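Given the structure is predicted, the values throughout are model-derived calculations rather than measurements. FYI, the numbering just counts along the sequence from 1.
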Amino acid sequence: MNVMNGKVTSYQDEAVCALQIYPRFAIQPGQGCILRVPKEATATTVIKTAVATLDMDSSKPYILVEVQEYGGEEWVLQASDQPVQRVLLWPRKAQDKHPQSDGYFFALQEGSYDGSIQYDVMASVRQEKVAQGLVNRGFVTQHPQKYDDLCNLPELTEESILGTLRHRFHKQKIYTFASNILIAVNPFKFLPIYNPRYVKMYENHTLGKLEPHVFAIADAAFHTMLNKQVNQCIVISGESGSGKTQSTNFLIHCLTALSQKGYTSGVERTILGAGPVLEAFGNAKTAYNNNSSRFGKFIQVNYLESGVVRGAVVEKYLLEKCRLVSRGKTERNYHVFYYLLIGASEEEKDEFKLLRPEEYHYLKEDQAEMKHEFRRLHQAMEMVGFLPPTKKQIFSVLSAILYLGNVMYEPKVVGEGLKVGPDRVLSAISDLLKVKVELLVEALTTRKAMTANDTLILPYSPSEAITARDSMAKSLYSALFDWIVLRINHALLNKRDLEDICLDIEFDKIFSSSQCLSIGVLDIFGFENFKMNSFEQFCINYANEQLQYYCNQRIFKLEQEEYMAEGIIWHNIDYPDNIGCISLFSKKPTGLFYLLDEESNFPQATDSTLLEKFKQQHQDNPFFVQTPVREPAFVIRHFAGKVKYQIKDFREKNTDHMRPDIVALLRSSECSYLRQLIGANPVAVFRWGILRATIRTLAVFNEAGRSWAEKHPGNIYAILFISFLNISDLGLGSIRELHAKVLQSLKQFGGEVPQKLRLSTISIVLNVILLFSVQNLIDSHSLKFIMGLTQHNRATRSLLHLHTKKKPPSISAQFQASLSKLLETLRKAEPFFVRCIRSNGDKREMHFDDALVLQQLRYTGMLQTVRIRRSGYGAKFTFKEFTEQFRVLLPKEISTPQQDITSLLTKIGLPSSSFQIGRTKVFLKESERQILQEALHKEVMRSIIILQRWFRACLMRKQYLREREGIITIQVLFVWLARGCLVIANGSHSYSPRVKNSATFPGPRRNPTIKISRATRVQEKWNASLDREITDSNELHHLDEFLGNQVCVLSETEKIFFLATTQFRDTIKSMYSISNSNIGYKDLMSGYQKRVASLAGLKKASEVPLVVNLFQSVLDGFIRGELKRLETEPCKVKERNRRKSKRDKCPDGPLGHLFSTYQVTIMQSCDQCSSYIWGMEKAFMCSSCKMVCHKKCLSKITVNCTGHCDRKKEGEQTLHFGVPLCALVRTADSVPFVMEKMLVHVEMNGLYTEGIYRKSGSVCRAKELHHILEKDPQAVSLDNYPIHTITGLVKLWLRELPDPLMTYSLYNDFLYAADLPEASERLRAIYRKLDELPPSNFSTLERLIFHLVKVAKEEAHNRMSANALAILFAPCILRCPDSSDPLLSMKDINKTTLCVEILINEQTRCYNQKMEEIQQLENAEAMAINQLKLRRQNTVRNFTYWMICTLPFNSFIFLKKLPKLLCLMPRWSPVHVCPPEPRRPRIPRRLLFCRQSGQETVFRP
C-alpha cells in the first residue's frame, strides 16, 4: 500500500486501507498521521491506533470526527462506525487524497468524561458563530443569510448582497434570484444538482417557488413562450471564467428535456450532440478558465405551438484564430488537438501521421488526461450526423494544420529566397491535404503580384514566410470550423421548413410561410482583461459593451419609460450608462472601428500611424485614456474597468483573409472535401460538385462503352453503350425519359431488348449518374435556406482575389454586422437574464474572493438592478388582458375598468403600495400576482362546486319526478285491478278447463338433435351445475369449441340462436386474456339471456325463452363433460397453477423503479454512489422518479421509487377506494380485485344497456355498494344492484385514485403527444409514453381500455361510441394535477379526450383484426373437416367395392379398420395403407404446416 500520497489503496487482498488523521491539539496545524487499518476497523480501533502512533495520553477520552469543511458540517463517529466506509461516500478526488486542505478529513479531538462533546469547528464556522453571538447580544444587526431572492433583503446594500451570496456559496448554493434575474457564482467544481430529477422538480413551477436554479429559468422561459405565444431569449453575461458555457449547456439540456414530450423526432439528440462538438473545436484553456469559449454562439431552438422541437439554428461570432499559432504561457490551444493526439488509437495515429503533443510547435506539452474525451467527441459527432469517412477527413485536416507549425525556413545558400523544410513535414502535409509538394513549397515561399501587363513572383522574407505559413493554418482551421457549423445547422434543420419556403427569384430572398416559436440562448465571450490584450479582446469587449447596454435598456431605461408613460408614481433610479463607450467604438466617422478600416486600406499605413490617429481623434474623450508617447498601446475605460490594448498586428488581423496563393493551392487538392472548405458560397460549391461528378461519370461510361463495343462488335450491350453515348450528347433528362430513349435506340437497331436490361441495368447506370443528387443528404435548397438564416455570418468566408480591385469587408465590419443582427434578434424576444459571477481569479474550487465578486457586482449595476426589481412591478397587464384573465373575480358588467380593478385588488386585501393602475395597464408585484392567481383558483373551484351541486340537484329532481309519475301510474293500475277483482268475485267462480289443462301440461321432452321446438319452455330454476365457476382459460377455450360444433349442425332458420351463440363465442374469446378468470356459469348464462333479448327485440320476444332454454341444455351437457375431463387430469392443473404462482413472484424491478438506458449529454452524478457520469456515457434512468445511476449500481439501490407508493405488506387491512394503485395489486401485471369484479359484471350484464356509462344510478344504492365493497368485496353480489350503479362506481374508483392511471408526471407528455401533427407520430408517441407507466398502472389501464373496446363494439345497442367513452373517461384516467390552473386545464380537455379516443380506436382495430384472423382459421378448420368427411365417405364406398371384388373372403376383416387409416397428406405423399400413428395431430396444426411448407392440401386414404 502506498501511504506517502494518502490514497485509500490496498495491499494484495485489498483488506487494508490508509487513513489520514489530524489531531486538534497543541501540535502544529496540519500535522497528522497516516494509519493502515482494515476496512472493517471501527472508530474505537482507529482512535486507539492514532493515540498510540501520536504518543498521546491514553488515559483521556477521545472522539473521531468526520469533517466536511466546505459544507461547514461535522459528524462524530460512534464507537461501532467504520471510518473507511465513510470515506467511500466522499467525492472521488477526496477519496484518493484527503489532506486537510481539501476539506474532507478525519479529526481526533478530546472528549469529556460525562459523554458530552466539545466541538472545535473550522475557521469559517467559528466566524459564523461569533457573528451570530454578536447579533444575539445586540451589537450588530441580523445578517441576511436566509434569503434566496435579493429583493427580499431587509436592508439593501452592497455588503448585504455580497454577504448573502457568500453565505449561500459556502453552503454550495451557487444560484440566487434577483426577482426574475438569476445570479450564478462559478464554484469551479461540479455539483450534483443537474440530474434529470432536478429537471422534473422544476417543471411547470412558478419562478421563485423553489430554490433558485438554472433549470427554473429554462422552465420559466419555456412555459412563458407557450402561454404567451411570444419568442423568448436567455441572455447569459459575465466575465471570462464565470461559467457561461456550462450554464448554456445546462439550459440547452433542460430545454430539450422539457420538449421531449411524447415522440422525440431526433432534433433534440442532435442539439445535445452539437454542444460537445462546438466546444471541442471552439473552446480552449485560458488563464481564467479551463474551458473558455473562444467564439460566440447563439443557439435558437424552434418549437411548434405545442412545445415540440421543430428545429434549431446555431450562429457563431468571431472565432479567435490567432490562438492557433500563439498563446500565453498558461494557456493552451483548442481542445480538439489534444483530444486527437492523446485519445487516438494506434491505427489512427498511423493513418493521420500523428506525433506526441510536445513535438508540435503549435502545441505545448500537457499532462491532462484526455483519452476518454476523444471517444466522447466521436459519439457526439455521430449524434450530429458525421459519417466515419467525414470524421477521417476532418482529422486529416487537423493533423495537417499541426504539421504546418513545424515548417521551418532558412535562407538559401545560393541565390535569393528561402529554403523550406524539413522534407518529412512537407511530405506529411502533402499526403494529408492531397496536394503536390512542389505547389506546397511554392505557396509557402513565394507570392504573386499583379502588374498592368504581367504577374510577378516575389520571394518571401523570413518574417513574411512565417506569417504566410501561420495564415494558411489559421485560414484552414477557420474554414473547417465554418464548415462544421454549416453541417450542424443542416442536421438541425427541420425538413418541413423546406416544404414551407418559397423562393423569390427576382429578389433572391427566402420567405417562410410557416411561423414557429423559439427560445434563444446567447453564450458570447465574456469580458476579458489579460496582461497582453490585442485585436480579439478589442472586439470581444466591444460585444460585451453592447450586451451590457442591452441589459441596461431592458432592465432600467425601458422599464422606467413605461412607468412614466403610464403616469404612475415612480422615482427614477440612476444606473450606469455606457453609451459613450459604445460611441467611441462605432460612431461614424471617427469611431475606432472606422479609423481602423481606414488605415487598413492604406498600403503605407502601419500600426504606429493607426495608434497616432486614435490618440489624435479621441484625446478629449473621457473613455479614451492617453498612454506615454513611446508605448505602443492605448487604454479604454470600459464598464468593467480600464483595459490596455497593444496596437501590434491590429491592421493585419483586421484584414486577415484567405490569401489567393493558399486558395489556389487548396483548390488543386485531389480531395473534394478540402475544396468544399475553401468555397466562398456552399451552394455554388455543391452545384459545381454535382456537375463535375456527372461529367466525370459520363466520361467513364463513354470510355467503357467504346472499349467494350470494340471488343464485342454487334452485341446488344455494345448497342446499349453506343445508344447511351448518343443520348448523353443530347443532355440528361429525367430517369424515365432517358430510359425510354435507350430502349427506343435499341429497337432501331433491330435488337430485342432483354428482360434484365429493361429495368436492372438501366437503373444501375442512372443511379450511378444521379448518385449525388438523389442520395446525398445535402441539397441546394437546404443549403440556400441555411445561408438565408445566417447570411450576416457568411462574409467571413471572403477571399482576397487577385483579379479584382474590390476588397472584401474587414473583420471588424463583419463582426459589427453580425453583432447588429444578434441584437436585432434579441430585441424581438422577451429576455431572461443570467448573470454569471467569477468566484476567484485562481480557479480554486469553492473559494470566494470578496473583492473580485464585489467588483463584478458593481460594474454590472447589481445594486441598482435589485433596487428597481424590488420597487418595480414584475407583472403588467393591459385592461383587456386583466379582464380576460380574471373575469371570474370581476363584476359581470364592467363600466370603468380602473375603478373595478382597484376595488377587486382592495377587496382581496392587497396593500395599496403593491399595485398601481396606469392609463392603460395594471402594475403588480410578482408576489401579489401570485396571491391574485390563488384567489382566482379558489373562486373557479367554488364556482365549479356550485355548478356540480345544481347539476346534481337537477338530476335528482328529474329522477324524483320520474319515480313520482311511476308511482302514480302504479296506483292507478292497482285501483283498476282492485275494481276488476271485485267484479270477478261477484260473478262466476268456475275456471276454464282449457286453462286448467294448460297449467298441468308436463311439457315436451328435449329433442336429441338439438332442434328448437315451440313446445320448449324456460325452466324456473337452473341446474345445479351452473353454480360452478370457471377457473382456467382452457375451459373457456373448450366451451368455445363445443359451442362451435353445436352451431354447425343447426339449420339456417334458427337465426336468433345462431347469432347469439356466435356473438357469445366472441365474448368467450375475449376472456382468454383476463388475468382473473373466476367467472361463474350463471354470469355467462345471464349475459347470454340479455344478448338473446337484445337480438330478438319486441317482435320476437316470445322466442327468447325457447332459445335460452335450448342454450341451457347445451351448457349443461358441456359442464358435465368438462367435469369428467378434469377428474381424469388433476395433476396437470396443479402443475399449471404452480407455474403460474411461481411466475407471479418474479420481481418487476428494483424497489419499483422503471429503469431504461439513458445517454448522458452533460456531466452528472450517480444518485447511488455519488461518482461522476461523464458526458456521452450510458447510464440508467428511472422513468418515474428520474433516478440516474450506473449499471453496476442497480443491485445496490435501497431507496424505493418515489414516483409511486410502496407496496403494502401482506395481510395489512387496506381500503379499495382512494388507495394508491400499487397497494391494491399483488403482482405488477395484475388488476385490482374490485375493479376486475365490476368490469366483468358490466361485460356480462350491461353491454346492451342504453347509455351504460352516460346515465347515473341511484345515489343511495351507490353509497350502499361503496360501503360493502370497502368492507368485504369478496362477499358482495353485484346482481342485486342496478347496472348504472356499478358503472358509476367504476368511474368513482378511477377518480378517487391519488395518482390517476396515466399519472400526473406524464400528463403533459400525453398532451404533447396528442398534439403532434402526424397521425402516425401521434400514435407512436402515445404508446411510447404508455411504456413509461408503472407496471400496475399499465396493466389496469390495459384492462380498462379493453373493456371500453367491448362496450364500443355494442354501440348499436348502448349508444356509446369511442368518442363518447373518451369524453367520460378522460377526466378519470388522464386528469391534470390539482395544483394546476383550472382555467388552463379546461383548454386541455380536447387533447385528453383525443388521447383516450386514440387508444380506444387503436385497440378496437387490433381487436377486430385479431377476431377476423381467428374467424378465418375456424372457417378453414371447418372446411377441412367437411372435406375430410366427404373424402372418407367416397373413399370408403369405392375402396370397399374394389376390395369386395378382388380380395378373398378372409380379407374382409381388414375393412373394419379402414376408417382409422384415413389421414391428411400432401399431394406428393405416396399412397399406401399403413398402420395408424399413436396420435394424429389436430387438423388446424396440420393445415398450418402444409401452408408454411408450400404444399397443396388434399385428402387421401
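N578 places none of its side-chain heavy atoms less than 4.5 Å from the side chain of F623. Two residues are said to be in side-chain contact when any heavy atoms from C-beta on lie closer than 4.5 Å; N290 and K285 meet this criterion. For the pair N231/Q300, no side-chain contact is recorded, criterion being any heavy-atom separation below 4.5 Å from C-beta on. Side-chain atoms of L857 and L165, non-hydrogen and from C-beta on, do get closer than 4.5 Å to each other. Counting only heavy atoms from C-beta outward, the side chains of F593 and C539 approach each other to under 4.5 Å. Inter-residue side-chain proximity for Q548 and N544 is flagged as unmet; no heavy-atom pair is nearer than 4.5 Å. For the pair Q560 and I868, the minimum side-chain heavy-atom distance is below 4.5 Å. Proximity of L826 to F298: side-chain heavy atoms (C-beta onward) are separated by under 4.5 Å at one or more points.
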* side-chain contact (heavy atoms from CB on, under 4.5 Å) evaluation trace for I161 with T164 -> CA-CA 5 Å; I161 294 176; T164 301; 5.9 Å; no
* **Chi angles and distances behind the side-chain hydrogen bond (donor to acceptor under 3.5 Å, both in side chains) call for S600, N654** => CA-CA 7 Å; S600 300; N654 190 40; 3.2 Å; yes
* **Trace of the salt bridge (charged side-chain N to carboxylate O under 4.0 Å, His left out) decision for R323 with E536** => CA-CA 10 Å; R323 173 167 296 276; E536 289 77 18; over 6 Å; no
* Could you walk me through whether R919 and E566 pass the side-chain contact (heavy atoms from CB on, under 4.5 Å) test, one step at a time? => CA-CA 5 Å; R919 294 187 176 96; E566 288 292 327; 3.8 Å; yes
* Criterion side-chain contact (heavy atoms from CB on, under 4.5 Å) on I299 and D523, from CA distance to verdict -> CA-CA 8 Å; I299 304 176; D523 175 25; over 6 Å; no
* I837 and M862: CA distance, side-chain angles, deciding distance, side-chain contact (heavy atoms from CB on, under 4.5 Å) verdict -> CA-CA 11 Å; I837 304 294; M862 187 54 61; 5.7 Å; no
* Go through Y563 and E559 one step at a time and tell me if the side-chain hydrogen bond (donor to acceptor under 3.5 Å, both in side chains) criterion holds. => CA-CA 7 Å; Y563 294 160; E559 188 85 6; 2.5 Å; yes
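Counting heavy atoms of neighbouring residues, nucleotides and ligands inside a 6.0 Å radius, atom NZ of K613 exceeds 12 of them. The 12-atom threshold is exceeded at NZ of K615, counting heavy atoms of other residues, nucleotides or ligands nearer than 6.0 Å.
In the model, Q916 has a side-chain atom that pairs as donor or acceptor with a side-chain atom of Y873 under 3.5 Å. A side-chain donor-acceptor contact under 3.5 Å links D470 and Y362. Q546 and Y542 share a donor-acceptor pair across their side chains, judged by distance under 3.5 Å alone. No side-chain N or O of S534 forms a donor-acceptor pair with one of D649 less than 3.5 Å apart. Defined by atom type and a distance below 3.5 Å, a donor-acceptor pair is present between the side-chain atoms of E599 and T609. A donor and an acceptor atom, one from each side chain of K244 and S293, are nowhere located under 3.5 Å apart.
Between P632 and L611, the shortest heavy-atom contact is CA-CD2, 3.8 Å. When all heavy atoms of S242 and N186 are compared, the pair lying nearest together is O-CB, 3.3 Å. Contact between P831 and Y550 at its shortest, heavy atoms only, is CB-OH, 3.5 Å. Here the closest non-hydrogen pair linking L251 and V521 is CD1-CG1, 4.2 Å. The shortest non-hydrogen separation linking F295 to L278 is CE2-O, 3.8 Å. The two residues I236 and C836 have their closest heavy-atom pair at CG2-SG, 3.6 Å.
The distance from the CG atom of N291 to the OG1 atom of T245 is 6.0 Å, given to the nearest 0.5 Å. Annotation: the span from D607 atom CG to Q646 atom CD amounts to 11.0 Å, rounded to 0.5 Å. Atom CZ of R867 sits about 9.5 Å away from atom CG of D574, to the nearest 0.5 Å. Taken to the nearest 0.5 Å, the NZ atom of K925 stands 9.5 Å off from the OG atom of S179. Taken from CZ in R651 to CG in L596, the straight-line distance is 8.5 Å, to the nearest 0.5 Å. Summarising the geometry, atom CG belonging to L819 is positioned 12.0 Å from atom OG belonging to S812; distances are rounded to the nearest 0.5 Å.
Under the 30°/60° scheme for interplanar angles, the aromatic rings of F815 and F525 are found to be tilted. The aromatic rings of Y645 and H638 lie perpendicular to each other, with more than 60° between the two planes, well past the 30° mark.
Remark: side-chain polar atoms of Q232 are paired, donor with acceptor, to backbone N or O of V230 under 3.5 angstrom. Of the possible polar contacts, one joining the N552 side chain to the P576 backbone as a donor-acceptor pair under 3.5 Å is found. With T860 contributing its side chain and Q856 its backbone, the two residues share a donor-acceptor pair below 3.5 Å. Counting only distance, with no hydrogens or angles, the side chain of R869 and the backbone of L150 share no donor-acceptor pair below 3.5 Å. Between the side chain of R637 and the main chain of V625, no donor-acceptor pair closer than 3.5 Å is present. Distance alone, capped at 3.5 Å, places no donor-acceptor pair between the S839 side chain and the F848 backbone. Using a distance-only test at 3.5 Å, with no hydrogens or angles considered, a donor-acceptor pair links the side chain of T467 to the main chain of S463. Side chain of N533 to main chain of K644: a donor-acceptor pair is present (N/O by atom type, distance under 3.5 Å, no hydrogens or angles). Side-chain atoms of N489 come within 3.5 Å of backbone N or O of V314 as a donor-acceptor pair. No donor-acceptor distance shorter than 3.5 angstrom exists from the side chain of E155 to the backbone of S160, with no hydrogens or angles considered.
Ion pair K316/D482 flagged as a salt bridge, since at least one NZ, NE, NH1 or NH2 atom sits closer than 4.0 Å to an Asp/Glu carboxylate oxygen. Salt bridge status for R294 with E528: present, with a side-chain N to carboxylate O gap under 4.0 Å.
Under the 6.0 Å cut-off for aromatic ring centres, Y549 and F639 do not qualify, their centroids lying 6.0 Å or more apart. Taking the six-membered ring for Trp, F650 and F538 have ring centres closer than 6.0 Å.
Judged by the 6.0 Å and 45° rule, R554 forms no cation-pi pair with F833.
Between Y334 and the choices F481, F281, Y477, the ring-ring contact (aromatic ring centres under 6.0 Å, His included) rule is met once, by Y477.
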